[in-house]
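We name chains A, B, ... by the order of the sequence lines, and we start the count at 1 in each one.
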Amino acid sequence: MLSDNINKNYFLKLLLDIGEMMLKSGAEVNRVEDSLDRMGRAYGAKGMNTFAITSSIVLTARFGDDSIVTQTRRIEGSGGNDFIKLEALNELSRECCANPVPLEELERRLEKVKEIAPPPWRLYVGSMIAAGSFAVFFGGRLADGIAAALVAALICFMQLKASEYFPGAVIFNLAASFISGLCICGICAFIPSLNSDMIMIGDIMLLIPGIAITTAVRDTLIGDTLSGSMRLMDSLVKAGAIAGGFMLAIMISRGWHI
Amino acid sequence: MIVQLITAFLGSLGFALVFNERRRLIFAAAFGGLLGWAFYLLLEELNCGTFFAVLAATAFVSVYSEVLARRLRLPSTVIFIPAAVPLVPGGSLYYTMQAAVNKNETMIKFRGSTTLQWALAIALGLSLVKAFFWAVSKAAGRSGCSKGGPKQ
């Protein structure tokens, strides 16, 4: 099937497409390496050499005629989560391993997977439910939960519409936390019976990369030290930015009220 | 306590929505969040110490998601990530930050180390279970494409 070099390169491009989408929808690094290796073998590669980190994939395949093809891909914006997409990719790679479809067919199916995206209402409703629940979970009252849910809608709006205007996720988190912190302090100044601590915790739960830290430690423990350290640094800096943003907001609002 | 269980359920459900979970799985993920927190509360009640309680609760959630994932042939992260969210130390991080705002050095150290220990406990709990399941599928000789392979 993969007789000439054009086909081999085309195949590697499709593999990298799959890898990139997997990284961007929340797959672990070793899962990406594993899936690409297996697909490569299923399509006739004799040896597969895949190296993935959160920001890059390097892929080398050795074919039966001893020709070797390498491609690399820079991955930007990995670390998101889209489980329907992740499942679809998982399914696709499993099926293609069992029954390698022609490359055109594979590309067509990839295009279909590429179109999967969560509808905005899911993000809004989910964020509001999550922030509201966690405000109550950590000891707030129902009113605190409602306030946290309202601010969560604002955070969600910023994530969807404004994040592209910031130079990176860290600065965006800093700004988003600062703005939400100011809003919460403002709301609490008008309605003093609200508990600003609990509202903030609810909204912090939306922003903090808690799971990313877990993934980081896990990557490190199973030997993907490089990805682990990258994720760890990334999440620690993000957590710092979030704490810093809320801190600034609290300080400013206190300054106004003293 | 009942309020915490309900809100843990809803919190996980919210995150499942945000992460674009398939409709059929949203309930499973949210229920995992509830079970994990219930297990944590139980261990705290038995005075096991917070570190161990968080570790064991995470391990519990992880087993729950691995078993479900194997049965339904999914990547286990799909269940684990939303279900583990109630165990994330968001409150602890906030109190660390509050201590920093109040310039209370002792509290910064105390709250900060609690947050770190908590995060470490989650990671250890997850890793132990992952390692166990990996070893089991390795021993069972499951490899090759059609069967899912050891690293699923």
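Between A/F11 and A/Y43, the ring planes are tilted. Angles from 30° to 60° get that label. Below 30°, between 30° and 60°, or above 60°: for B/Y40 and B/W118 the angle between ring planes is between 30° and 60°, a tilted geometry.
Between chain A and the residues B/A119, B/G91, B/G125, the most heavy-atom pairs under 4.5 angstrom are made by B/G91. Each of A/E28, A/E91, A/K85 has some count of heavy-atom pairs under 4.5 Å with chain B, and the biggest count is that of A/E28. Ranked by non-hydrogen atom pairs under 4.5 Å with chain A, the options B/L17, B/T7, B/N20 are led by B/N20. When each of A/L123, A/I208, A/D197, A/I116 is scored by its heavy-atom pairs under 4.5 Å with chain B, the top score falls to A/D197. Interface check for chain A: of the options B/I6, B/I122, B/I81, the most heavy-atom pairs under 4.5 Å are formed by B/I81.
Looking at heavy atoms from C-beta onward, B/S113 lies out of side-chain contact with B/K109 at the 4.5 angstrom threshold. With a 4.5 Å cut-off on side-chain heavy atoms, B/F60 and B/L35 count as touching.
Going from atom CE of A/M48 over to atom CG of A/D34 covers 11.0 Å, rounded to the nearest 0.5 Å. Rounded to the nearest 0.5 angstrom, B/L124 CG and B/Q117 CD are separated by 11.5 Å. Taken from OG in A/S25 to CD in A/E20, the straight-line distance is 10.0 Å, to the nearest 0.5 Å. Atom CZ in A/R94 sits 5.0 Å away from atom CG in A/N90 (nearest 0.5 Å). Atoms OG1 and CD1, from B/T96 and B/I108 in turn, are 9.0 Å apart once rounded to the nearest 0.5 Å. Within the model, atoms CZ of B/F80 and OG of B/S62 stand 5.0 Å from one another, a figure rounded to the nearest 0.5 Å.
Taking both residues in full, the closest heavy atoms of B/Y64 and B/I79 are given as CE2-CG2, 4.0 Å, listed atom of the first, atom of the second, then distance. Taking each heavy atom of B/R111 and B/S92 in turn, the nearest pair found is O-OG, 3.9 Å.
Only the side chain of B/V3 comes within less than 4.5 Å of a heavy atom of chain A; its backbone N, CA, C and O stay farther away. Proximity to chain A (any heavy atom under 4.5 Å) is restricted, for B/Y95, to the side chain, taken from C-beta onward. Neither the backbone nor the side chain of A/N99 comes within less than 4.5 Å of any heavy atom in chain B. When heavy atoms are compared at a cutoff of 4.5 Å, B/L87 does not approach chain A at all. In this structure, the portion of A/I204 lying under 4.5 Å from any heavy atom of chain B is its side chain and not its backbone. With a 4.5 angstrom heavy-atom cutoff, B/L116 does not touch chain A via any of its atoms. Both the backbone and the side chain of B/L10 come within contact range of chain A, each with at least one heavy atom under 4.5 Å from a heavy atom of that chain. Neither the backbone nor the side chain of B/R24 comes within contact range of chain A; no heavy atom of the residue lies under 4.5 Å from a heavy atom of that chain.
Side chain to side chain, A/D37 and A/T50 meet the donor-acceptor criterion of an N or O pair below 3.5 Å.
The existence of a salt bridge linking A/K238 and A/D234 is confirmed by a sub-4.0 Å separation between a basic side-chain nitrogen and an acidic carboxylate oxygen. A salt bridge links B/E66 to B/K130: at least one charged side-chain nitrogen sits closer than 4.0 Å to a carboxylate oxygen.
For CZ of B/F51, the number of neighbouring non-hydrogen atoms (other residues, nucleotides, ligands) closer than 6.0 Å is greater than 12.
Near-neighbour residues of residues 125-151 of chain A relative to chain B, defined by a heavy atom under 4.5 Å from a heavy atom of that chain, comprise A/V125, A/G126, A/S127, A/I129, A/A130, A/S133, A/F134, A/V136, A/F137, A/F138. Within residues 240-250 of chain A, the residues approaching chain B closer than 4.5 Å by heavy atoms are, in numerical order, A/A243, A/F246, A/M247, A/I250.
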